[in-house]
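To start, the structure itself, in structure tokens.
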Amino acid sequence: MAANILVLNGPNLNLLGLREPEIYGVDTLGDVEARCATKGKALGLTIDFRQSNHEGELVTWLQEARTGADGVILNAAGYTHTSVAIRDAVLACEKPVIEVHLSNPYSREDFRHHSFISDVAAGVICGFAGKGYELALEAIADICGRSGN
Ligand code: DQA
């Protein structure tokens, strides 16, 4: 059976393409979603792609992954650097979570160098713009295949 993968996007990513294009590029979130849909199809994954500006909604969606998903791709955006609640939800979902960033936070301001998610994630992909989501889908397909899901 196809693995169900939840792709979660945090605050301000709805403005992708408009927001700081010199950092995040000109692709919109719709373009990223389309890339994920194509890649997911090629890998035999079912993709559920969502975005929220609200921390609690992201927490609720991660909780849903306990029973509703086989793995999660998470770009928590600014909450990456601030949110204990999202870290706790990553642990609580008991599913492999891959952290993704479009930019490379380590080449940016110091406050972006700490992630509350990285050490509890299955892996981290950053700095490759929308391509990073495709790489994460490849990785999660391997992980879900290994665990027999
Ligand atoms: C981001 C990096 C974060 O530091 C930032 O707050 C974002 C986007 C990225 O995808 O590069 O909103 O997660």
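What you see is a predicted model, and the numbers here were worked out from it, not measured in a lab. By convention here, the first residue in the shown sequence is residue 1.
Other members of the hydrophobic cluster containing Val84, listed by chain and number, are Phe116; membership follows side-chain contacts under 4.5 Å among ILVMFWY residues, whether direct or relayed.
Here the closest heavy-atom approach between residue Glu99 and residue Ser118 is recorded as OE1-OG, 2.8 Å. Among all heavy-atom pairs drawn from Ala76 and Ile117, the shortest one is CB-CD1, 3.6 Å. Residue Thr46 comes nearest to Ala2 through the heavy atom pair OG1-CB, 3.7 Å, listed as atom of the first residue, atom of the second, then distance. Here the shortest heavy-atom pairing between Arg108 and Ser103 reads NH1-OG, 2.9 Å. Here the closest heavy-atom approach between residue Pro96 and residue Ile140 is recorded as O-CD1, 3.5 Å. Heavy-atom minimum distance, Leu137 versus Leu45: O-CD1, 3.9 Å.
Taking Tyr79 as the reference, nothing meets the side chain to side chain donor-acceptor pair (under 3.5 Å) condition, with sequence neighbours excluded. With sequence neighbours excluded, the residues satisfying side chain to side chain contact (heavy atoms under 4.5 Å, CB included) with Ala136 are Ile73, Ile98, Val100, Ile125. Every residue two or more places apart in sequence or in another chain was checked for a salt bridge (Lys or Arg N to Asp or Glu O under 4.0 Å) with Glu20, and none qualifies. Remark: Val26 engages Pro21 in a side chain to side chain contact (heavy atoms under 4.5 Å, CB included) (not counting sequence neighbours). Residues satisfying the side chain to side chain contact (heavy atoms under 4.5 Å, CB included) test with Asn12, not counting sequence neighbours, are Arg19. Residues satisfying the side chain to side chain contact (heavy atoms under 4.5 Å, CB included) test with Ala69, not counting sequence neighbours, are Leu6, Ala65. With sequence neighbours left out, Gln63 forms a side chain to side chain donor-acceptor pair (under 3.5 Å) with no residue at all. Not counting sequence neighbours, Asp110 has no partner by the salt bridge (Lys or Arg N to Asp or Glu O under 4.0 Å) test.
Within the structure, the salt bridge (charged side-chain N to carboxylate O under 4.0 Å, His left out) test picks out no pair touching residues 1-13 (sequence neighbours left out). Screening residues 43-65 for salt bridge (charged side-chain N to carboxylate O under 4.0 Å, His left out) gives Asp48-Arg50, Arg50-Glu64 as the qualifying pairs, with residues at least two apart or on separate chains. Residue pairs meeting the salt bridge (charged side-chain N to carboxylate O under 4.0 Å, His left out) criterion with at least one member in residues 21-31, sequence neighbours excluded: Asp27-Arg35.
By the criterion of side-chain heavy atoms lying less than 4.5 angstrom apart, applied directly or through intervening Ile, Leu, Val, Met, Phe, Trp or Tyr residues, Leu91 is not grouped with Val124; the two fall into different hydrophobic clusters. In the hydrophobic cluster analysis, where Ile, Leu, Val, Met, Phe, Trp and Tyr join through side-chain heavy atoms closer than 4.5 angstrom, Ile47 is grouped together with Leu135. Hydrophobic clustering of Ile, Leu, Val, Met, Phe, Trp and Tyr side chains at less than 4.5 Å, counting indirect connections, unites Val120 with Leu58.
Note: His81 and Phe111 have perpendicular aromatic rings, judged against thresholds of 30 and 60 degrees for the angle between ring planes.
A side-chain donor-acceptor contact under 3.5 Å links Ser107 to the backbone of Asn104.
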